[in-house]
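Just below is one structure, and these are the notes that go with it.
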Amino acid sequence: MSEKPIAEGGASYAAAGVDIEAGDRAVELMKEWVKKAQRPEVLGGLGGFAGLFDASALKNYERPLLASATDGVGTKVDIARQLGVYDSIGHDLVAMVMDDIVVCGAEPLFMTDYICVGKVHPERVAAIVKGIAEGCVLAGCALVGGETAEHPGLLGEDDFDVAGAGTGVVEADRLLGADRIRTGDAVIAMASSGLHSNGYSLVRHVLLNQADLALDAHIEELGRTLGEELLEPTKIYSLDCLALMRTTEVHAFSHITGGGLAANLARVVPDELHAIVDRSTWTPAPIFDLVGRTGSVERLELEKTLNMGVGMIAIVPQESVDVALTTLADRGVDAWVAGEITDRGEHPTGAALIGDYAN
(Lines give C-alpha, C1' and ligand atoms only; values in the text may rest on other atoms or scores of the structure.)
Protein backbone atom coordinates (compact mmCIF):
# COMPACT_ATOMS: atom_id res chain seq x y z
CA MET A 1 0.00 0.00 0.00
CA SER A 2 1.57 3.29 -1.09
CA GLU A 3 1.62 6.30 1.20
CA LYS A 4 1.58 9.98 0.30
CA PRO A 5 4.89 11.62 1.09
CA ILE A 6 4.98 13.89 4.11
CA ALA A 7 5.85 17.49 3.32
CA GLU A 8 9.44 18.46 4.00
CA GLY A 9 9.84 19.38 7.63
CA GLY A 10 6.92 17.17 8.74
CA ALA A 11 3.33 17.99 9.47
CA SER A 12 2.37 20.88 11.72
CA TYR A 13 -0.70 22.51 13.24
CA ALA A 14 -0.07 25.56 11.06
CA ALA A 15 0.13 23.43 7.92
CA ALA A 16 -3.24 21.94 8.90
CA GLY A 17 -4.69 25.44 8.90
CA VAL A 18 -4.59 26.45 12.57
CA ASP A 19 -2.69 29.65 13.38
CA ILE A 20 -1.86 29.70 17.10
CA GLU A 21 -0.06 33.03 16.86
CA ALA A 22 -3.12 34.67 15.27
CA GLY A 23 -5.23 33.30 18.11
CA ASP A 24 -2.86 34.78 20.68
CA ARG A 25 -3.01 38.16 18.95
CA ALA A 26 -6.82 38.03 18.96
CA VAL A 27 -6.75 37.49 22.73
CA GLU A 28 -4.49 40.51 23.19
CA LEU A 29 -6.77 42.68 21.07
CA MET A 30 -9.94 41.67 22.92
CA LYS A 31 -8.58 42.21 26.45
CA GLU A 32 -9.43 45.91 26.56
CA TRP A 33 -13.04 45.19 25.68
CA VAL A 34 -13.47 42.36 28.16
CA LYS A 35 -12.21 44.67 30.92
CA LYS A 36 -15.15 46.96 30.23
CA ALA A 37 -17.66 44.16 30.85
CA GLN A 38 -16.92 43.38 34.50
CA ARG A 39 -18.65 43.23 37.85
CA PRO A 40 -16.97 43.46 41.27
CA GLU A 41 -17.67 39.74 41.88
CA VAL A 42 -15.41 38.65 39.01
CA LEU A 43 -12.01 37.27 40.03
CA GLY A 44 -8.93 36.88 37.87
CA GLY A 45 -8.42 38.07 34.33
CA LEU A 46 -8.66 36.91 30.76
CA GLY A 47 -6.59 33.87 29.87
CA GLY A 48 -7.44 31.43 32.66
CA PHE A 49 -8.98 28.04 32.07
CA ALA A 50 -12.22 29.12 33.75
CA GLY A 51 -13.95 32.35 34.62
CA LEU A 52 -14.36 32.94 38.35
CA PHE A 53 -17.32 34.63 40.03
CA ASP A 54 -17.45 35.19 43.80
CA ALA A 55 -20.61 33.36 44.88
CA SER A 56 -20.42 34.88 48.36
CA ALA A 57 -22.04 37.88 46.68
CA LEU A 58 -25.25 35.84 46.88
CA LYS A 59 -25.10 35.40 50.67
CA ASN A 60 -27.71 38.12 51.19
CA TYR A 61 -30.29 36.05 49.35
CA GLU A 62 -32.61 33.92 51.47
CA ARG A 63 -32.96 31.26 48.77
CA PRO A 64 -31.08 32.20 45.60
CA LEU A 65 -32.11 30.43 42.42
CA LEU A 66 -29.60 30.36 39.58
CA ALA A 67 -31.05 30.85 36.10
CA SER A 68 -29.08 29.80 33.02
CA ALA A 69 -29.59 30.07 29.28
CA THR A 70 -27.66 29.50 26.08
CA ASP A 71 -28.27 30.69 22.54
CA GLY A 72 -26.74 31.90 19.31
CA VAL A 73 -27.55 34.51 16.67
CA GLY A 74 -28.60 32.22 13.83
CA THR A 75 -28.04 33.05 10.19
CA LYS A 76 -27.83 36.77 10.92
CA VAL A 77 -24.08 36.13 11.17
CA ASP A 78 -24.01 35.64 7.41
CA ILE A 79 -25.23 39.21 6.90
CA ALA A 80 -22.38 40.42 9.10
CA ARG A 81 -19.92 38.30 7.13
CA GLN A 82 -21.11 39.61 3.76
CA LEU A 83 -20.94 43.23 4.92
CA GLY A 84 -17.70 42.82 6.83
CA VAL A 85 -19.29 44.37 9.92
CA TYR A 86 -18.50 42.41 13.08
CA ASP A 87 -18.85 44.76 16.05
CA SER A 88 -22.64 44.62 16.44
CA ILE A 89 -23.40 40.91 16.24
CA GLY A 90 -22.28 40.54 19.88
CA HIS A 91 -25.17 42.73 21.03
CA ASP A 92 -27.51 40.19 19.44
CA LEU A 93 -25.84 37.32 21.26
CA VAL A 94 -26.10 38.95 24.68
CA ALA A 95 -29.72 39.90 24.07
CA MET A 96 -30.72 36.40 23.05
CA VAL A 97 -29.17 34.92 26.20
CA MET A 98 -29.72 37.52 28.91
CA ASP A 99 -33.23 38.55 27.90
CA ASP A 100 -34.22 34.90 28.30
CA ILE A 101 -32.71 34.89 31.79
CA VAL A 102 -34.46 38.06 32.95
CA VAL A 103 -37.88 36.63 31.98
CA CYS A 104 -38.04 34.72 35.27
CA GLY A 105 -37.05 37.86 37.18
CA ALA A 106 -33.38 36.95 37.44
CA GLU A 107 -30.59 39.52 37.50
CA PRO A 108 -27.95 38.70 34.86
CA LEU A 109 -24.60 37.91 36.49
CA PHE A 110 -22.10 36.63 33.96
CA MET A 111 -21.71 35.26 30.47
CA THR A 112 -19.25 33.22 28.42
CA ASP A 113 -18.98 33.14 24.64
CA TYR A 114 -17.90 30.70 21.93
CA ILE A 115 -16.66 31.97 18.57
CA CYS A 116 -16.02 29.43 15.83
CA VAL A 117 -14.14 30.59 12.71
CA GLY A 118 -12.71 29.07 9.57
CA LYS A 119 -9.59 31.18 9.98
CA VAL A 120 -8.60 33.46 12.82
CA HIS A 121 -8.43 37.07 11.70
CA PRO A 122 -7.42 38.73 15.00
CA GLU A 123 -9.05 42.10 14.32
CA ARG A 124 -12.28 40.41 13.27
CA VAL A 125 -12.45 38.23 16.37
CA ALA A 126 -11.66 41.23 18.57
CA ALA A 127 -14.49 43.19 16.91
CA ILE A 128 -16.94 40.38 17.67
CA VAL A 129 -15.82 40.28 21.31
CA LYS A 130 -16.09 44.08 21.47
CA GLY A 131 -19.76 43.77 20.57
CA ILE A 132 -20.30 41.03 23.15
CA ALA A 133 -18.60 43.09 25.86
CA GLU A 134 -20.67 46.17 25.00
CA GLY A 135 -23.80 44.02 25.11
CA CYS A 136 -22.84 42.70 28.54
CA VAL A 137 -22.53 46.28 29.81
CA LEU A 138 -26.04 47.01 28.51
CA ALA A 139 -27.34 43.86 30.22
CA GLY A 140 -25.56 44.57 33.50
CA CYS A 141 -23.57 41.33 33.45
CA ALA A 142 -19.89 40.41 33.26
CA LEU A 143 -18.10 38.66 30.41
CA VAL A 144 -15.97 36.18 32.36
CA GLY A 145 -14.46 34.15 29.55
CA GLY A 146 -14.89 32.47 26.22
CA GLU A 147 -13.37 30.36 23.50
CA THR A 148 -12.26 31.05 19.97
CA ALA A 149 -11.99 27.90 17.87
CA GLU A 150 -10.42 27.69 14.43
CA HIS A 151 -11.97 25.01 12.19
CA PRO A 152 -10.11 24.95 8.86
CA GLY A 153 -11.58 22.56 6.35
CA LEU A 154 -14.98 22.68 8.01
CA LEU A 155 -15.62 26.41 7.61
CA GLY A 156 -14.50 28.75 4.87
CA GLU A 157 -11.83 31.30 5.78
CA ASP A 158 -14.40 34.06 6.23
CA ASP A 159 -17.10 31.92 7.86
CA PHE A 160 -17.88 32.18 11.56
CA ASP A 161 -20.55 31.49 14.15
CA VAL A 162 -21.14 32.67 17.70
CA ALA A 163 -22.86 31.19 20.73
CA GLY A 164 -23.03 32.10 24.39
CA ALA A 165 -24.21 30.96 27.80
CA GLY A 166 -25.23 33.08 30.74
CA THR A 167 -26.17 32.83 34.40
CA GLY A 168 -28.40 34.98 36.56
CA VAL A 169 -29.91 34.87 40.04
CA VAL A 170 -33.36 35.47 41.49
CA GLU A 171 -34.74 35.24 45.01
CA ALA A 172 -37.06 32.22 45.13
CA ASP A 173 -40.05 34.18 46.40
CA ARG A 174 -39.61 36.74 43.59
CA LEU A 175 -39.58 34.18 40.80
CA LEU A 176 -41.89 35.35 38.00
CA GLY A 177 -44.11 33.12 35.92
CA ALA A 178 -47.52 31.68 35.14
CA ASP A 179 -48.55 31.12 38.76
CA ARG A 180 -48.57 34.90 39.37
CA ILE A 181 -50.78 35.85 36.41
CA ARG A 182 -54.40 36.77 37.13
CA THR A 183 -57.50 37.59 35.10
CA GLY A 184 -57.53 41.28 34.20
CA ASP A 185 -53.75 41.68 34.13
CA ALA A 186 -52.49 44.04 31.46
CA VAL A 187 -50.22 42.92 28.64
CA ILE A 188 -47.59 45.61 28.09
CA ALA A 189 -45.61 45.41 24.85
CA MET A 190 -42.09 46.79 24.46
CA ALA A 191 -41.06 47.72 20.94
CA SER A 192 -38.39 45.74 19.16
CA SER A 193 -35.51 47.48 17.39
CA GLY A 194 -36.30 45.55 14.22
CA LEU A 195 -36.02 41.91 13.22
CA HIS A 196 -33.76 41.16 16.21
CA SER A 197 -32.13 37.73 15.64
CA ASN A 198 -34.89 35.39 14.54
CA GLY A 199 -36.36 34.45 11.20
CA TYR A 200 -33.29 35.38 9.17
CA SER A 201 -33.50 32.21 7.09
CA LEU A 202 -36.89 33.42 5.84
CA VAL A 203 -35.71 37.03 5.51
CA ARG A 204 -32.60 36.06 3.55
CA HIS A 205 -34.58 33.69 1.33
CA VAL A 206 -37.18 36.35 0.46
CA LEU A 207 -35.06 39.49 0.16
CA LEU A 208 -31.68 38.21 -0.96
CA ASN A 209 -32.52 35.06 -2.92
CA GLN A 210 -36.01 35.59 -4.34
CA ALA A 211 -35.95 39.38 -4.77
CA ASP A 212 -32.18 39.50 -5.38
CA LEU A 213 -31.85 42.73 -3.40
CA ALA A 214 -28.34 43.95 -2.67
CA LEU A 215 -27.30 44.53 0.92
CA ASP A 216 -25.85 47.92 -0.03
CA ALA A 217 -29.03 49.00 -1.83
CA HIS A 218 -30.81 52.00 -0.28
CA ILE A 219 -34.43 51.04 0.45
CA GLU A 220 -36.64 54.12 0.49
CA GLU A 221 -39.22 52.74 2.92
CA LEU A 222 -36.50 51.70 5.36
CA GLY A 223 -34.68 55.03 5.14
CA ARG A 224 -31.31 53.27 4.92
CA THR A 225 -29.57 50.39 3.17
CA LEU A 226 -30.94 46.90 3.44
CA GLY A 227 -27.75 45.74 5.13
CA GLU A 228 -27.97 48.44 7.79
CA GLU A 229 -31.54 47.39 8.53
CA LEU A 230 -30.73 43.69 8.72
CA LEU A 231 -27.78 44.30 11.05
CA GLU A 232 -29.73 46.51 13.47
CA PRO A 233 -28.74 45.04 16.87
CA THR A 234 -31.28 43.20 18.99
CA LYS A 235 -32.54 45.38 21.82
CA ILE A 236 -31.35 44.30 25.26
CA TYR A 237 -34.20 44.64 27.78
CA SER A 238 -32.58 43.12 30.87
CA LEU A 239 -32.04 46.31 32.88
CA ASP A 240 -35.40 47.71 31.77
CA CYS A 241 -37.17 44.61 33.09
CA LEU A 242 -35.26 44.76 36.38
CA ALA A 243 -36.21 48.43 36.70
CA LEU A 244 -39.87 47.48 36.31
CA MET A 245 -39.54 44.91 39.09
CA ARG A 246 -38.04 47.55 41.39
CA THR A 247 -40.69 50.18 40.75
CA THR A 248 -43.92 48.20 40.54
CA GLU A 249 -45.48 44.75 40.67
CA VAL A 250 -44.74 42.46 37.72
CA HIS A 251 -46.27 39.03 37.26
CA ALA A 252 -44.41 37.74 34.21
CA PHE A 253 -42.24 38.60 31.22
CA SER A 254 -42.09 36.96 27.80
CA HIS A 255 -39.14 37.35 25.43
CA ILE A 256 -40.48 37.44 21.87
CA THR A 257 -38.07 35.37 19.80
CA GLY A 258 -38.49 32.37 17.48
CA GLY A 259 -42.14 31.40 17.28
CA GLY A 260 -43.38 34.96 17.38
CA LEU A 261 -45.52 36.90 19.81
CA ALA A 262 -48.43 34.53 20.34
CA ALA A 263 -46.35 31.38 20.84
CA ASN A 264 -43.89 33.00 23.25
CA LEU A 265 -46.59 34.73 25.25
CA ALA A 266 -48.44 31.42 25.54
CA ARG A 267 -45.37 29.94 27.25
CA VAL A 268 -46.02 32.01 30.39
CA VAL A 269 -49.84 31.99 30.47
CA PRO A 270 -51.42 29.39 32.81
CA ASP A 271 -53.72 26.79 31.30
CA GLU A 272 -56.88 28.27 32.79
CA LEU A 273 -56.25 31.74 31.36
CA HIS A 274 -55.86 33.33 27.95
CA ALA A 275 -53.94 36.34 26.63
CA ILE A 276 -55.54 38.56 24.01
CA VAL A 277 -53.31 41.02 22.15
CA ASP A 278 -54.81 43.73 19.93
CA ARG A 279 -52.77 44.31 16.76
CA SER A 280 -54.34 47.74 16.29
CA THR A 281 -52.31 49.10 19.23
CA TRP A 282 -49.10 49.32 17.20
CA THR A 283 -47.64 49.57 13.71
CA PRO A 284 -44.85 47.11 12.85
CA ALA A 285 -41.71 48.67 11.37
CA PRO A 286 -41.52 48.77 7.55
CA ILE A 287 -39.09 45.83 7.37
CA PHE A 288 -41.85 43.42 8.38
CA ASP A 289 -44.14 44.61 5.59
CA LEU A 290 -41.24 44.49 3.13
CA VAL A 291 -40.59 40.83 3.91
CA GLY A 292 -44.27 39.90 3.79
CA ARG A 293 -45.06 41.81 0.62
CA THR A 294 -41.93 40.85 -1.28
CA GLY A 295 -42.25 37.15 -0.52
CA SER A 296 -46.06 36.99 -0.52
CA VAL A 297 -45.70 35.58 2.99
CA GLU A 298 -49.04 34.96 4.71
CA ARG A 299 -49.60 36.93 7.91
CA LEU A 300 -49.78 33.82 10.08
CA GLU A 301 -46.42 32.70 8.73
CA LEU A 302 -44.90 36.12 9.40
CA GLU A 303 -46.29 36.19 12.93
CA LYS A 304 -44.96 32.78 13.88
CA THR A 305 -41.52 33.57 12.45
CA LEU A 306 -40.85 37.25 13.22
CA ASN A 307 -41.45 39.44 16.28
CA MET A 308 -43.60 41.90 14.26
CA GLY A 309 -42.37 44.86 16.28
CA VAL A 310 -42.63 43.53 19.83
CA GLY A 311 -39.46 42.32 21.54
CA MET A 312 -40.56 41.85 25.15
CA ILE A 313 -43.86 41.55 27.01
CA ALA A 314 -44.52 42.46 30.64
CA ILE A 315 -47.67 41.20 32.33
CA VAL A 316 -48.66 43.43 35.23
CA PRO A 317 -51.77 44.04 37.35
CA GLN A 318 -53.95 46.90 36.14
CA GLU A 319 -52.95 49.10 39.07
CA SER A 320 -49.30 48.85 37.97
CA VAL A 321 -49.84 49.98 34.38
CA ASP A 322 -49.22 53.71 34.84
CA VAL A 323 -46.03 53.23 36.84
CA ALA A 324 -44.80 50.58 34.43
CA LEU A 325 -45.31 52.75 31.36
CA THR A 326 -43.73 55.76 33.08
CA THR A 327 -40.72 53.70 34.15
CA LEU A 328 -40.18 52.38 30.64
CA ALA A 329 -40.66 55.82 29.07
CA ASP A 330 -38.09 57.30 31.46
CA ARG A 331 -35.67 54.62 30.26
CA GLY A 332 -36.33 55.42 26.61
CA VAL A 333 -38.33 52.25 25.94
CA ASP A 334 -41.31 52.55 23.59
CA ALA A 335 -44.07 50.62 25.38
CA TRP A 336 -47.86 50.44 25.38
CA VAL A 337 -50.79 48.39 26.66
CA ALA A 338 -51.38 45.83 23.93
CA GLY A 339 -53.90 43.49 25.53
CA GLU A 340 -55.13 41.75 28.64
CA ILE A 341 -55.41 38.41 30.40
CA THR A 342 -58.87 36.85 30.35
CA ASP A 343 -60.51 33.67 31.53
CA ARG A 344 -60.01 30.85 29.09
CA GLY A 345 -63.72 30.56 28.25
CA GLU A 346 -64.15 29.48 24.65
CA HIS A 347 -60.56 30.34 23.80
CA PRO A 348 -57.88 27.70 23.53
CA THR A 349 -55.23 28.01 26.21
CA GLY A 350 -52.40 30.38 25.36
CA ALA A 351 -52.52 33.66 23.46
CA ALA A 352 -54.25 35.12 20.43
CA LEU A 353 -53.79 38.22 18.30
CA ILE A 354 -56.93 40.08 17.24
CA GLY A 355 -57.67 42.97 14.87
CA ASP A 356 -55.51 44.50 12.15
CA TYR A 357 -52.23 46.32 12.61
CA ALA A 358 -52.44 50.09 12.91
CA ASN A 359 -51.48 52.01 9.77
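Start at 1 with the first residue, then count along the sequence. Both backbone and side-chain heavy atoms feed into the values below; hydrogens, waters and symmetry mates do not. In this text the structure is predicted, and so the values were computed from the model without any measurement.
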**OP:** Decide side chain to side chain contact (heavy atoms under 4.5 Å, CB included) for Val187 and Ile276; before the verdict, give the C-alpha distance in whole Å, the side-chain angles of both, and the deciding distance to 0.1 Å.
**Re:** CA-CA 8 Å; Val187 175; Ile276 297 178; over 6 Å; no
Original post:
Distance-only, no hydrogens or angles: does the Asp185 side chain make a donor-acceptor pair with backbone N or O of Gln318 under 3.5 Å?
Top reply: no
Original post:
Out of curiosity, Glu228 CD to Ile79 CD1, how far, rounded to the nearest 0.5 Å?
Top reply: 13.0 Å
Original post:
Short question: side chain of Lys304, backbone of Leu261 - any donor-acceptor pair under 3.5 Å?
Top reply: no
Subject >> Hydrophobic cluster (4.5 angstrom, side-chain heavy atoms) - remaining members for Leu300 >> reply: none
Original post:
Which value, rounded to the nearest 0.5 Å, describes the distance between Leu176 atom CG and Cys104 atom SG?
Top reply: 7.0 Å
Original post:
Crowded around Arg267 CZ? As in, over 12 foreign heavy atoms under 6.0 Å?
Top reply: no
Original post:
Does any non-hydrogen side-chain atom of Ile315 lie less than 4.5 Å from one of Val268?
Top reply: yes
Subject >> Check: Met98 and Cys141 side chains under 4.5 Å, non-hydrogen atoms >> reply: yes
**OP:** Determine whether Val73 and Tyr200 make a side-chain contact, defined as any pair of heavy atoms from C-beta on separated by less than 4.5 Å.
**Re:** no
Subject >> Asp179 CG: over 12 foreign heavy atoms closer than 6.0 Å >> reply: yes
**OP:** Provide the full list of salt bridge (Lys or Arg N to Asp or Glu O under 4.0 Å) pairs with a residue in residues 188-216, sequence neighbours left out, each pair given once.
**Re:** Asp78-Arg204
Original post:
With the 4.5 Å side-chain cut-off for hydrophobic clustering, are Ile287 and Met308 part of the same group?
Top reply: yes
Original post:
Salt-bridged, Glu221 to Arg293, with N to O below 4.0 Å?
Top reply: yes
**OP:** List the steps, then state whether salt bridge (Lys or Arg N to Asp or Glu O under 4.0 Å) holds for Arg81 with Asp159.
**Re:** CA-CA 7 Å; Arg81 180 192 63 78; Asp159 292 338; 3.8 Å; yes
Original post:
Any idea how Trp282 and Trp336 line up, ring-wise: parallel (<30°), tilted (30 to 60°), or perpendicular (>60°)?
Top reply: tilted
**OP:** Calculate, to the nearest 0.5 Å, the distance between atoms CG and CG belonging to Leu325 and Asp334 respectively.
**Re:** 10.0 Å
Original post:
With distance as the sole criterion, is a donor-acceptor pair present between the side chains of Thr167 and Ser68 under 3.5 Å?
Top reply: no
Original post:
Can you list the steps and then say if Val94 with Asp113 is a side chain to side chain contact (heavy atoms under 4.5 Å, CB included)?
Top reply: CA-CA 9 Å; Val94 176; Asp113 63 63; over 6 Å; no
Original post:
When hydrophobic residues are tied together by side-chain contacts of less than 4.5 Å, even through go-betweens, does Met190 share a cluster with Phe288?
Top reply: no
Original post:
Can you get from Val77 to Met96 by hopping between Ile, Leu, Val, Met, Phe, Trp and Tyr side chains that sit under 4.5 Å apart?
Top reply: no
**OP:** For residues Gly168 and Ala106, report the shortest heavy-atom separation together with the two atoms involved.
**Re:** C-CB, 4.2 Å
Original post:
What heavy-atom pair brings Asn264 and Ser254 nearest, and what distance separates the two atoms?
Top reply: O-OG, 2.8 Å
Subject >> Donor-acceptor under 3.5 Å (Thr70 side chain, Gly164 main chain) >> reply: yes
Original post:
Which value, rounded to the nearest 0.5 Å, describes the distance between Leu215 atom CG and Glu229 atom CD?
Top reply: 12.0 Å
Subject >> Considering all heavy atoms, the nearest Val269-Ala178 contact >> reply: C-CB, 4.3 Å
Subject >> Path from Val250 to Val337 over hydrophobic side-chain contacts below 4.5 Å >> reply: yes
Original post:
Quick check: does any side chain N or O of Thr294 sit under 3.5 Å from a backbone N or O of Val291, one acting as donor and the other as acceptor?
Top reply: no
Original post:
Does a sphere of radius 6.0 Å around CD in Glu319 hold more than 12 heavy atoms from other residues, nucleotides or ligands, not counting ones at 6.0 Å or beyond?
Top reply: yes
Original post:
Hey, are the side chains of Met111 and Val97 touching, using non-hydrogen atoms and a 4.5 Å cut-off?
Top reply: yes
Original post:
Does the side chain of Pro286 come within less than 4.5 Å of Leu222's, by heavy atoms?
Top reply: yes
**OP:** Please determine if Asp240 and Arg331 form a salt bridge, counting it only when a charged side-chain N lies under 4.0 Å from a carboxylate O.
**Re:** yes
Original post:
Would the number of heavy atoms belonging to other residues, nucleotides or ligands and lying under 6.0 Å from CZ of Arg174 be above 12?
Top reply: no
**OP:** Answer with yes or no whether the hydrophobic clustering places Leu202 together with Ile219; edges join I, L, V, M, F, W, Y residues whose side-chain heavy atoms lie under 4.5 Å apart.
**Re:** yes
Original post:
Measuring from Glu157:CD to Leu155:CG, what's the distance to the nearest 0.5 Å?
Top reply: 11.0 Å
Original post:
Hey, are Asn198 and Thr257 close enough side-chain-wise for a donor-acceptor pair under 3.5 Å?
Top reply: no
Original post:
Below 4.0 angstrom, N of the basic side chain to O of the carboxylate: do Glu232 and Arg224 qualify?
Top reply: yes
Original post:
Under the side chain to side chain contact (heavy atoms under 4.5 Å, CB included) criterion, do Ile115 and Val129 qualify, and how do the steps go?
Top reply: CA-CA 9 Å; Ile115 303 170; Val129 174; 3.7 Å; yes
Original post:
Which pair of heavy atoms, one from Cys241 and one from Val102, lies closest together, and at what distance?
Top reply: CB-CG2, 3.8 Å
Subject >> Phe160 side chain near Tyr86 side chain, heavy-atom distance below 4.5 Å >> reply: yes
**OP:** Give a yes or no on whether a salt bridge exists between Asp356 and Arg299, defined as a side-chain N under 4.0 angstrom from a carboxylate O.
**Re:** yes
Original post:
Can any side-chain N or O of Arg180 pair as donor or acceptor with the backbone N or O of Leu175 at less than 3.5 Å?
Top reply: yes
Subject >> Nearest heavy atoms of Ile341 and Ala275, plus distance in Å >> reply: CD1-CB, 3.7 Å
**OP:** Inspect the contact between Asp271 and Arg344 and indicate whether a charged nitrogen and a carboxylate oxygen are less than 4.0 angstrom apart.
**Re:** no
**OP:** Check Ser88 against Val85 and note the closest heavy-atom contact, atom names and distance.
**Re:** OG-CG1, 4.4 Å
Original post:
Within the distance-only criterion (no hydrogens, no angle test), does the side chain of Glu171 pair as donor or acceptor with the backbone N or O of Arg63 below 3.5 angstrom?
Top reply: yes
**OP:** On the 0 to 90° scale, with breaks at 30° and 60°, tag the Phe110-Phe53 ring pair as parallel, tilted or perpendicular.
**Re:** tilted
**OP:** For residues 215-266, pull every pair meeting ring pair (Phe, Tyr, Trp, His ring centres under 6.0 Å), keeping only residues two or more places apart or in separate chains.
**Re:** none
Original post:
Would you call Asp158 and Lys119 a salt bridge, using N to O less than 4.0 angstrom?
Top reply: no
Subject >> Heavy-atom side-chain contact between Leu58 and Leu66 under 4.5 Å >> reply: yes
**OP:** Tell me, with the steps shown, if Lys235 and Val333 meet side chain to side chain contact (heavy atoms under 4.5 Å, CB included).
**Re:** CA-CA 10 Å; Lys235 181 165 177 56; Val333 179; 4.1 Å; yes
Original post:
Is the shortest heavy-atom distance from the side chain of Pro233 to the side chain of Ile89 under 4.5 Å?
Top reply: no
**OP:** Mind checking the CG-CG spacing from Asp54 to Leu109? Nearest 0.5 Å is all I need.
**Re:** 11.5 Å
Original post:
Out of Ile188, Leu244, Val323, Ile181, which residue meets the side chain to side chain contact (heavy atoms under 4.5 Å, CB included) rule with Val316?
Top reply: Ile188
